[in-house]
Structure formats: C-alpha cells, structure tokens
A.B. asks: 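Got a structure for you, written out below as structure tokens; questions coming shortly.
The chains referred to below are lettered A, B, ... by the order of the sequence lines, with proteins before strands, and numbering in each begins at 1.
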Amino acid sequence: MYGESACSLVKELDRNRGTLPPYNNELIGEVEKEICHLIQQNVADDFKAHEDSNVGAGLDYTATIRTRHAIIQRNLRCLLAYHYNRLRCLRTMRWEFGSILPPDIKVNLSHAESNWFSKYSSMLATYMRSIGDDGGVNLTIDLNPPKALYIEVKCLVDYGQYELSDGSLVLLKESNRYFLPRAECEDLIRQGVFQHIIN
Amino acid sequence: MSLCYSYTPNYFSIEDILVTQERIPSKFLVNVPKLGKLNPSAEENDIKQGTALDLPFWLADPLSFARHPLISIELPRVYKEAYREILKADATAVDLHKLGLYFYELGLYVKRLDPRREVEAILLHTFRSRFKELMDFADDVVCDPVKQNRLDMFERTLFQKAHFSRMQLKSWLNNSEMRLEAATMVINHKKRKRIDVDDLF
C-alpha cells in the first residue's frame, strides 16, 4: 500500500516522545524512491494521454494522476514532519542537556542534524553573551525563583573536579553531600549530576 | 507535546498525520486505470467503477472533495445512528478507545458528511459528559490503568496534563520551596540507558 513507509516514519517518532530515535536512513530512502517512482509514472501517463488525445480515443488518466498526486503530497508531508519534529526535539535537548549531548544520543543524529545542533548552540551562546552589561546572562538557569543563596545537594555520579566561579576546586564524588551556592549547581542539577535536597 | 498542536491545521503535527491515517469506507465513482495496487484483495491492474474500499482519510479526502469527485465516502461505523444512540444514552460508560483511537479528531473531519449535523452534536455531548469524570479521575493520586485504557488519545493527553499539574500543585502546597529538578529529557534518558556490559565485569 502506498504511503505506508512514510507513515511508519511518523509512528516511530510518536512512539519515542521525548527522545530521539536513530535517524532512519533506510525508510527515508524508501519513501524518496516511492515519490520519484510516482512522479515518473505521472509524467509518463500524462505524455501518453496527450498522444492518445491527438490520435482520438484513449484511456482517461485524470483519475490515476490525481490519486498519485495525493499520495505524493502525503509522502512529502510525512517526510517534512519527520525532520521538523526531530529538529524541535533537538532544540529542546539543547536547553535540557546543555551544549554537549550524551554520546548515545549523538550517534542517532544525521550529519545535517549535528551540524544544525552546533550552529544553534553557538547562536544561542552568542545571544546569551550579548544580553546585559557584563558577560551576559545564562538563560538556562534560575528557572524558579530562588529562596536561598546556598542549597544542599547530593551528588549522584563520580563527576571529578569541578571549579567554582571563585576559583576554588571541589572534588565531586558519588553519594556525597555538598552545601554550595545555588547559582553554581543549578546547571549540574539540570544535567542530573546533583539531586537537590529539601528537608 | 502541547495540546494546541492538532487544533490548528498544523502541517507538521504528528497527531494529525496519525488521525488522517484512519480508514473510512469509500466507493469509486469512476474507473481508475493502473492503480490496482490500492486494492490489496484484487490482482487486476485497474480499479473498476463501483469498487468499495476502506481508504485512509488522507487519500479519500482530496479525491472526494473536488469539483469532479472520484470517490464517494460515507461516515465510519462509529459515527452512525446506532453508535450515536449508545453515546446519547450514557457516554461515560463507553470504552472510547475501542471505538477508535482518535474518536474526537476524526469526528471533526468527518462531521461534514452528515448534513443534519448530528455528528457534531454527539461529539460535543460525549465530550461534555465525559469531561467531568476525566477531571475527577485526574485529581486522584493513584491512576487506575483500567480507567485510563478507556480514554481516546485526545482525552489521554488531557488527562496527563491535568494529572501532572495537579501533582505539581500538591507538591507546591506541601513545601513552598520548589525542588530543583533535572530536566525531563535527562531523567528519561537515564532510565532508558542500557547497562554497559564492560562495567559489570
């Protein structure tokens, strides 16, 4: 059945909400082939219908061509939606994971997508640097209004050394607790390195 | 994943693409040469006039609404008189998920096939009577999977949103300090991570 592989592309995205499945080169190739095939057939039939009408009687191909055209448009829509929704997901990832993606997500990107990601990332960084007077504003932190300057956090992974903005070094070990300035750890909490502890 | 997606005619919406994949009964009004592939049960090369097929809505729609329609389509079974009567009697007792994954959204597409606008009325009636129960249900802390399975896809999104914000409100009322959370995608990514075999040994 026509349009089937295009739809399974979209279904694949639907099943994997919130993550990026591997870029499906194979299915995309199939859909592209189907589109090209349909266009070629349409051109051939159109040509033939012209010839036939010059001679006189002939089959009426209008219905066939219209049906094929509808299928082509559907396939195009699925392809575009697939790429567009992947980009949306990638954009959210920039805000949630930060500028460096985990390696197992990186392998799922196509070449064009990783290019887009680094471009978007640098554009966002340039913009954040340009706001305000000194050094810019980091828009990805302070998503909730702060209540206290220092917060207690528990480290969830062996992170290694971490340099605070005043230059002092902290060694972050798994399941240790730390009392740190809120602004310093907010990024690490969002990335899942720390867990915020409220008594 | 915002709700408004499917309500604007959004070309890129995943939901809308899946809704239009649903099949509706249609009948060919003209001969269509060379496209026998559309009819999986026949081996002929052409589709004859009068062939009845269940076509996906995305194909049936552009072919039937034009100056020279190629096919005629009719209302799917679940929007017909018999089912409308059931929904009218007590919409809350119906398992909408069984009637169709996208009951409301497909209904919005096919309502123009019913000149007496009864489909429109029944969609509204169904939603109104089920909405109260849906809201009650979203307020519960524990979700009952049996009840959840009876919702159609649209109701499910509504339910998830309502349940999530209810939980947020609850935690905010309990301790006024908002806990800083890891980003949702990060949490999900951690859950999905496969165990590296090398780490085990």
Side-chain angles (χ1 to χ4, degrees), chain A residues 1-3 6-7 10-11 13-14 17-19 41 45 59-64 66-71 73-74 77-78 80-85 88-89 92-93 95-98 102 104-105 143-145 147-148 151 153 156 182 185-186 188-199, chain B residues 1 5 10-18 20-21 23 28-40 46-47 49 55-64 66 68-71 153 171-172 174-194 196:
Chain A
M1 176 69 196
Y2 294 111
C7 184
V10 176
K11 272 189 192 146
L13 281 192
D14 185 50
R17 296 273 167 150
T19 59
Q41 278 184 323
D45 279 348
L59 270 175
D60 185 13
Y61 284 115
T62 334
T64 319
R66 265 176 64 190
T67 315
R68 283 201 198 114
H69 187 67
I71 302 171
Q73 286 197 317
R74 169 72 174 186
R77 181 180 177 192
C78 290
L80 288 172
Y82 181 74
H83 288 95
Y84 174 78
N85 283 300
R88 276 183 77 98
C89 181
T92 327
M93 282 184 165
W95 289 83
E96 307 221 326
F97 285 102
D104 51 335
I105 287 185
L143 298 176
N144 297 319
K147 292 252 173 186
I151 54 172
V153 288
L156 299 175
R182 183 187 165 104
C185 32
E186 188 151 0
L188 291 178
I189 292 177
R190 295 228 356 125
Q191 286 165 26
V193 177
F194 282 152
Q195 186 186 7
H196 184 197
I197 293 172
I198 309 173
N199 351 333
Chain B
M1 267 240 285
Y5 265 25
N10 183 346
Y11 186 77
F12 297 116
S13 155
I14 292 181
E15 283 91 353
D16 194 57
I17 290 180
L18 294 179
T20 45
Q21 189 70 21
R23 287 166 182 271
F28 279 86
L29 299 174
V30 289
N31 283 330
V32 181
K34 283 191 174 182
L35 278 180
K37 232 179 145 183
L38 283 178
N39 186 358
D46 303 347
I47 291 183
Q49 182 180 355
L55 290 178
F57 188 77
W58 58 263
L59 185 58
D61 185 47
L63 298 186
S64 60
H68 305 291
L70 304 181
I71 59 176
M153 286 319 236
S171 78
W172 183 76
N174 281 345
N175 35 3
S176 62
E177 189 176 8
M178 284 287 260
R179 183 197 293 272
L180 294 174
E181 294 274 12
T184 10
M185 271 185 168
V186 178
I187 296 174
N188 287 337
H189 179 244
K190 263 192 186 168
K191 283 184 197 158
R192 281 169 170 258
K193 212 173 227 169
R194 292 194 189 85
D196 202 348

A.B. asks: Could you tell me which of A:V153, A:L188, A:T64 has the largest number of non-hydrogen atom pairs under 4.5 Å with chain B?
C.D. replies: A:T64
A.B. asks: Side-chain contact, heavy-atom cut-off 4.5 Å: A:H69 with B:P62?
C.D. replies: no
A.B. asks: Any side-chain heavy-atom pair from A:Y61 and B:K34 closer than 4.5 angstrom?
C.D. replies: yes
A.B. asks: May I have the step-by-step check of side chain to side chain contact (heavy atoms under 4.5 Å, CB included) for B:I14 and A:R17, ending in yes or no?
C.D. replies: CA-CA 11 Å; B:I14 292 181; A:R17 296 273 167 150; 3.5 Å; yes
A.B. asks: For A:C185, which atoms come within 4.5 Å of any heavy atom of chain B: side chain, backbone, both, or neither?
C.D. replies: neither
A.B. asks: What I'd like to find out is whether the side chain of B:T20 reaches to under 4.5 Å of the side chain of A:R74, using heavy atoms alone.
C.D. replies: yes
A.B. asks: Heavy-atom pairs under 4.5 Å with chain B: which of A:F194, A:W95, A:F97 has the most?
C.D. replies: A:F97
A.B. asks: For residues B:M185 and A:G18, report the shortest heavy-atom separation together with the two atoms involved.
C.D. replies: CG-O, 3.5 Å
A.B. asks: Which distance, rounded to the nearest 0.5 Å, do you find between the CD1 of B:I187 and the CZ of A:R190?
C.D. replies: 9.5 Å
A.B. asks: CZ of A:R77 to CH2 of B:W58: how many Å apart, nearest 0.5 Å?
C.D. replies: 11.5 Å
A.B. asks: Out of B:L70, B:L38, B:N188, return the one with the most heavy atom pairs under 4.5 angstrom to chain A.
C.D. replies: B:L70
A.B. asks: Heavy-atom cut-off 4.5 Å, strictly under: side chain, backbone, both or neither for A:T62 against chain B?
C.D. replies: neither
A.B. asks: Within this structure, what is the CD1-CG distance for the pair B:I17 and A:N85, rounded to the nearest 0.5 Å?
C.D. replies: 7.5 Å
A.B. asks: Could you report the tightest heavy-atom contact between A:R66 and B:H68, atom names first, then the distance?
C.D. replies: NH1-O, 2.9 Å
A.B. asks: Restricting to non-hydrogen atoms, name the atom on B:L18 and the atom on A:C7 that form the minimum distance, rounded to 0.1 Å.
C.D. replies: CD2-SG, 4.5 Å
A.B. asks: Any side-chain heavy atom of A:T19 sitting closer than 4.5 Å to one from B:H189?
C.D. replies: no
A.B. asks: Considering only heavy atoms and a distance below 4.5 Å, find which of A:I189, A:V193, A:L13, A:I105 pairs most often with chain B.
C.D. replies: A:I189
A.B. asks: Can you see which heavy atom on A:A63 is nearest to which on B:V30, and at what distance?
C.D. replies: CB-CG2, 4.2 Å
A.B. asks: Please look at B:N31 and chain A and tell me whether the side chain, the backbone, both or neither of the residue comes under 4.5 angstrom of a heavy atom of that chain.
C.D. replies: backbone
A.B. asks: Do A:Y2 and B:L35 come within less than 4.5 Å of each other through their side chains, counting heavy atoms only?
C.D. replies: yes
A.B. asks: To the closest 0.5 Å, what do you measure between CD1 (A:I71) and CG (B:L59)?
C.D. replies: 5.5 Å
A.B. asks: Would you mind telling me which of B:I47, B:I71, B:V186 has the largest number of heavy-atom pairs within less than 4.5 Å of chain A?
C.D. replies: B:V186
